[in-house]
Each structure stands twice: as C-alpha cells, then as structure tokens.
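Single-structure report; data block below.
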Amino acid sequence: MLLPKGSMYKLVFGIIALALVIILLTPSPNKDTTSTDKQLQQQQSKQQKNDKNNNNTPIFTLPTNNLIYNHNFKDQKEAWRSSHFMSSFIINSNQHQQSYYSLQSFHQWDGIFQHIDLRNYSSNLLTQYHTLTFQVEYINLNHRGKMSLMFRGLFSDGTQLGFNNRIDVINECQVKYDPKETRHNESVALAKEFVASVEKSEMEQRKSIISITLHSNRPFEYIIPNIILYEKGSILISNVALYYDRTNVLDAKTSKFSEMINHVTGSMHNHKTMLVDKYIRDYDREIEPFFKRASKSAYSQSSDITIVSQLDISRLDRLTECSKNWDGLISVAIYIKEEADVDKLKQLLRMPQHKSLAENTDIHLVFKHFNDKPYPINYLRNVAIDYSRTDYVFVLDIDFVPSPNAHHIMREALQNNPALLNDPKSVIAVAPFEIDGYDLDNTYRLPDNKETMISLIAQDAARQIHVRFAPEAHEATDYKSWETATDIYKATYMNHWEPYTVFRKTALQFDPRFSGYGWDKVSHSYHLSLLGYNFYVFPEVFIVHLYHPSAPWSKRTDEDHLQIWFNWCESVINLAYNYLPSSFETLNFKSISLLNGDQHLGIVNQ
C-alpha cells in the first residue's frame, strides 16, 4: 500500500532522526568524547609501543596519565599522609638519581595514602564502567608479613567503598636483618646503608610490583588509595601510580588474581582485577522514636537543655542514676540487638527503681541492622539529638552522672550570657571527674556541690577523668581555671580533646562512620574546631564517672584498630570535602593535622 507523499517524508525523516539518536547515545570506547579521552588513547598507544620495544608482556596495558601527586617522591613529603603513626622517612639517593619512601611498621600495621578528586574525570554519564588501577613499585627491605593496596572513597550518590576492595600479598624478607629486632633508628641506618651499597641495576632486580584494578558502574567523587604494611618491617617505595580509564565492556579477568615475572628485570608482579560488588551507605536502621515519652510537660524549647545519650538495655541502671540527678529532659537512643530486648526493656521500665525515667526521659529504639558489627555509637548519638525536644543538647555518655541541680545552673548561666546564646558556634563543656569508690553501689559519694568536689581533689580522692593514662583527653578543660572560675570561661581547643558539651542541636552531627570504641568523640570536637567553633566551660557544675567493667564491644582486634584509623582519616577528608574546599585539594590537605605527626616527614640524604 502506498503512503501519502507527506507521510512518506515524515517516515523517512523519523528513521533518520532515530538513527542519529542511536549513534549519539551508543557509547564507544573508540570514540573521542573529550580531549581527556584523546589524551588517554594517545598515552595508552605510546605505552603499548614501549612495552613492545622492551619485549615484555605486561599483565595489562595502562594509560600513563598518573593521577598520584609526587609519585616518585622527588618533591619529598608533598601530598602523602600517614594513616597511622608517623615513623617513615624519605631517602634521596644521588647515586640512583631516585628518591625512596621508606614505609615502616613498628606496630600492628602502618600505611600511607593520599586522596584524589575525581569529579572532573568520572562525570561522563555515557560510560558504563569507571576503572581505576593502583600500582606500587617497591623493594622489600626487611618486611615479613601481609602488604595490602586498598581503595577507599566516595561515590557521587553518597555511597562508599568497603574494606574488601583490596589486594593482599605476603612479603618475604630478602635481607639478613630481622624485622622483629629492628627499631626505628636502626631502620633509618639500615635503609640508608642498603641504598648506598646496592647498584641501581640490582635495585631493579629486587623490585616487586603490586597493583589492583577496580571497575565501578558508579562515578567517583574522590578516591583514597592506601598502601598498608601489617606486622613489623619496612619497604622502600620507588614509584606509585593511579590511572583512571572508562569502558563499556569488562574482560574475562575481572575478579581474578594474576602473578607474573617481568622477563627484563626479573621483578615479581602481583595484580588483582575486581568489580565493586557492594556500595556502602550508612545503614537505614529501623527506629521507633518516643517508644516511651517523658511525662514532663513543663519545659522551654529555647532555653532548657536536654541530655542526649545512647546505651543498650544492660546499662539501664546507669541511665536511671543519671535521670535522678537531672531536672531537665533526657533523650536516649537504646540499641535493640534482638526482639527479646524490647520485652526485657518493658519489664525493666515497670520496676520501681526505674520510675524516674517515666518523668524526664524520652526513649527511642534503634534496631540492630544485620550488617552491624561494632556498636554504632555515633549513629545512636545522632538519633538522640534528632529527637531532642529542646534546641540545646548536652551530649553525655551514660556512665556519667551530673552534679545536683546542674540543669538549673547551666540554664541560668546561658541566659545570663547573651553573647553565647546568640553565637550558633558556641560549645560549652562540663568538667568530668573520677572519684575513688564511686559506682552504682556507692552513689552517696557524689559531691553535693563544687566546694565539696574541690575538697575531694585536695585530698586526692577525686581528679580529672583519665588523668593517669590519657591526660590529653581533657587537659583543654583547664581544671585549675575551673576551680576558681565563677563565670563561663573561654577554653582553647587542644588536640585529642573529647569534651562533654552543650551546643545547639543544629550543630555538626557526630560522624556515623565511627562504631565501637575509639575516636568517636575526639573526631567530633576536632571537626568543630576546624569549622571555627568556640569552646567554653561551665564553672559551677561537673559530671562524675560511674565506675564499671569495660563493655564487650570496647575490645578491639587489629582489624578494628585499622578500621578506626581509616575512619579517622576519612572523616577529616570528608569534612574538608563538604566544608573546607581549599583544604580538600590534595596538595593543600596537609594544612589539616591528622593528629599523628605525619606533617613532619623525615628526610635522609644519601
């Protein structure tokens, strides 16, 4: 059947238009969509030609646009950060015309990293897979144990990389020195002597290569490549590379581990290719707000202060002791590990010894997510803050008890200080103490007032909390000033301070990546200091620690320690990403301390 002439033209033009749309929308790895793509292809072609001339077959072919800053350490310590304790240094060798990063581990583990902003690289929406390859060339000096390359980072949808995006290899010691017996100063001398005594050609023969290729179907915001040594010993890193590429087709080597010998140098090369299988976001745990609502109805949203805390049902007795000594509201998030906990909680709340909770304590339930491992302490804190009924919150751990009449005194002190009331960045700490013999069986030891507390201090029966094993945790409170002060006084932030503070509930929340025990409060006060918050101390009130055995979730394995330190470093990176854009730039990031001394990297000239 013949179509009318006008319809025929429309059909032809429609087919042509459809074909053009298909051509434009079909991604092609051979199509130069941007100048960056063209440069990648030119550099990849050059690398392939060089490999052919060297008569060496690599495990994979790489582009050569290395995204790592200071990849060969010619610029000394630029861009590199330590993810644990800083005991490493750089050796400059005139003989080899090479600089080496001596990465040392004298603890359970140690490592280095830098973060790379990928927003300008991975914004091509037509790309199906974003590919990163991380490669390290090194000489094993005296390390025996596991070495890892690990990717951490943030995707454009807010999800993150987990701990499994890594390659692990086992290093065998190649020299006669025993890493178990080597100390830091000896290691410096050993590394310097080794570099001076070995010819460059032999260094090449001793060199090993480890690399990992990661494919993601989501674009990256930033990536954090990490080099980690477990156990004791040291290596000399000569070059580090990070390459970005994109593709629409994955080869059959994905999720494969490869090992080869470089036939030119004899170097061992271990490589792993993998696809991101899990994109981590903070778990959406089930929450039941106001499971029990306090009967207290007389309160001021704008001037009252709510204690916010978190616990599981095993610590309800401590919550009750706190509520007896607080005449304001309390908002707590109770972590429910199993359904039976809810019935137990109902039974406990009906007991007469817990009747004070009914008057002033709002209880919110947070149900354990099946992926939860450590106790999600900061997530729980944020829930308690979110459901507080007042504008001001007092963040307190449940094993502390406030001094009598503290709420009234703190509220009056704030009302008499309009400068603090009008400053959204004011943070007011309460001095924490420990008293000999103060526990749930001896609650009568709680002082009635400040004068009694000072008397106990003079008798050495009370003191600054943790002063005997971690004085830096509360030194910034300035206890001498507290003893004599009658008005709120200014405090100077000090590193590692973990104060118990009052602030507006709209302030920066606690970083929920911290679970379990460690750096959960330190990170929050440090972040506030970086954002320009002002710290003060209440002079007439205090809190006292209720002695208790350590909770099971406070015990940490080596992998837990690793997770905490990674959380710490990533929390600072993420803070800079969200709030401090100039400091987020890789070369400017050292303007922010990681509190581990890594801004002062040693240099050894040889």
Side-chain angles (χ1 to χ4, degrees), residues 290 293-310 319-332 356-364 381 384-398 400-433 446-454 477-478 481-491 499-509 524-525 528 533-544:
F290 297 101
R293 184 185 289 267
S295 61
K296 185 181 180 68
S297 57
Y299 69 92
S300 169
Q301 178 181 335
S302 60
S303 62
D304 276 10
I305 302 166
T306 297
I307 284 180
V308 293
S309 194
Q310 36 64 42
L319 172 61
T320 298
E321 190 62 27
C322 177
S323 72
K324 291 176 183 177
N325 286 276
W326 184 253
D327 59 350
L329 284 170
I330 299 175
S331 172
V332 294
S356 62
L357 299 177
E359 181 183 352
N360 66 351
T361 304
D362 291 329
I363 296 176
H364 321 291
R381 283 190 176 114
I385 291 171
D386 287 343
Y387 291 109
S388 165
R389 289 194 259 167
T390 62
D391 296 338
Y392 284 95
V393 293
F394 177 18
V395 179
L396 194 62
D397 285 347
I398 210 59
F400 279 88
V401 177
S403 55
N405 207 30
H407 177 252
H408 173 76
I409 296 171
M410 293 160 68
R411 182 183 57 193
E412 292 299 312
L414 276 177
Q415 294 303 311
N416 293 331
N417 200 322
L420 289 185
L421 281 175
N422 297 325
D423 179 9
K425 287 192 171 184
S426 62
V427 180
I428 310 100
V430 176
F433 291 88
L446 182 72
D448 292 332
N449 50 47
K450 179 177 178 177
E451 289 70 27
T452 306
M453 174 60 81
I454 292 174
T477 305
D478 188 359
S481 293
W482 179 86
E483 290 184 19
T484 59
T486 56
D487 296 315
I488 293 176
Y489 62 92
K490 189 83 179 335
Y500 296 95
T501 52
V502 173
F503 51 78
R504 291 178 183 269
K505 64 181 293 186
T506 53
L508 181 74
Q509 288 201 320
H524 187 249
S525 61
L528 293 178
Y533 278 71
N534 302 302
F535 291 85
Y536 304 86
V537 180
F538 283 110
E540 297 294 337
V541 295
F542 52 88
I543 54 177
V544 181

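- For the pair Phe542/Pro447, a side-chain contact is recorded, criterion being any heavy-atom separation below 4.5 Å from C-beta on.
- Counting only heavy atoms from C-beta outward, the side chains of Phe538 and Val502 approach each other to under 4.5 Å.
- Using bins of under 30°, 30° to 60° and over 60° for the plane-to-plane angle, the ring pair His407/Trp326 lands in the perpendicular bin.
- Of all heavy-atom pairs spanning Asp386 and Lys505, the tightest one is O-NZ, 3.2 Å.
- In this structure, the side chains of Ile307 and Cys322 come closer than 4.5 Å at one or more pairs of heavy atoms.
- For the atom pair CZ (Phe535) and CG (Leu528), the distance works out to 5.0 Å, reported to the nearest 0.5 Å.
- Contact between Ile305 and Arg411 at its shortest, heavy atoms only, is CD1-N, 4.1 Å.
- Checked by atom type and distance alone, the side chain of Ser403 never pairs as donor or acceptor with a backbone atom of Asn449 at under 3.5 Å.
- Within the 4.5 Å cutoff, the side chain of Asp448 has no heavy atoms near those of the Met453 side chain.
- Looking only at side-chain heavy atoms (C-beta outward), Ile398 and Gln310 stay at 4.5 Å or farther from each other.
- Looking at heavy atoms from C-beta onward, Met410 lies out of side-chain contact with Ile428 at the 4.5 angstrom threshold.
- With rounding to the nearest 0.5 angstrom, the CZ atom of Arg389 is 10.0 Å from the NZ atom of Lys296.
- Taken from CD in Gln509 to CZ in Arg381, the straight-line distance is 12.5 Å, to the nearest 0.5 Å.
- Shortest non-hydrogen contact noted between Leu319 and Leu357 is CG-CD2, 3.6 Å.
- By the 30° and 60° cut-offs, the orientation of the rings of His364 relative to Phe290 is perpendicular.
- Ile488 CD1 to Leu414 CG: the interatomic distance, rounded to the nearest 0.5 Å, is 5.5 Å.
- Put simply, CG on Asp304 and NE2 on His408 are 11.0 Å apart, with the number rounded to the nearest 0.5 Å.
- With hydrogens and angles disregarded, no donor-acceptor distance shorter than 3.5 Å links the side chain of Asn417 to the backbone of Ala413.
- The aromatic rings of Phe503 and His524 sit tilted, their planes meeting at an angle between 30° and 60°.
- Under the side-chain contact (heavy atoms from CB on, under 4.5 Å) criterion, Asn534 pairs with Asp423, Lys490, Tyr536, not counting sequence neighbours.
- When all heavy atoms of Leu396 and Tyr500 are compared, the closest pair comes out as CA-CD2, 4.0 Å.
- What you find for Pro402 and Ile543 is that their closest heavy atoms are CA-CG2, 3.8 Å.
- Using modelled atom types, one side-chain atom of Ser426 and one backbone atom of Leu420 make a donor-acceptor pair closer than 3.5 Å.
- A 4.5 Å side-chain heavy-atom check between Val332 and Ser309 finds at least one atom pair inside the cut-off.
- With Asn360 contributing its side chain and Ser323 its backbone, the two residues share a donor-acceptor pair below 3.5 Å.
- Here Phe394 contributes atom CZ and Ser331 contributes atom OG; the two are 14.0 Å apart, rounded to the nearest 0.5 Å.
- Here the closest heavy-atom approach between residue Tyr533 and residue Pro424 is recorded as CE2-O, 3.8 Å.
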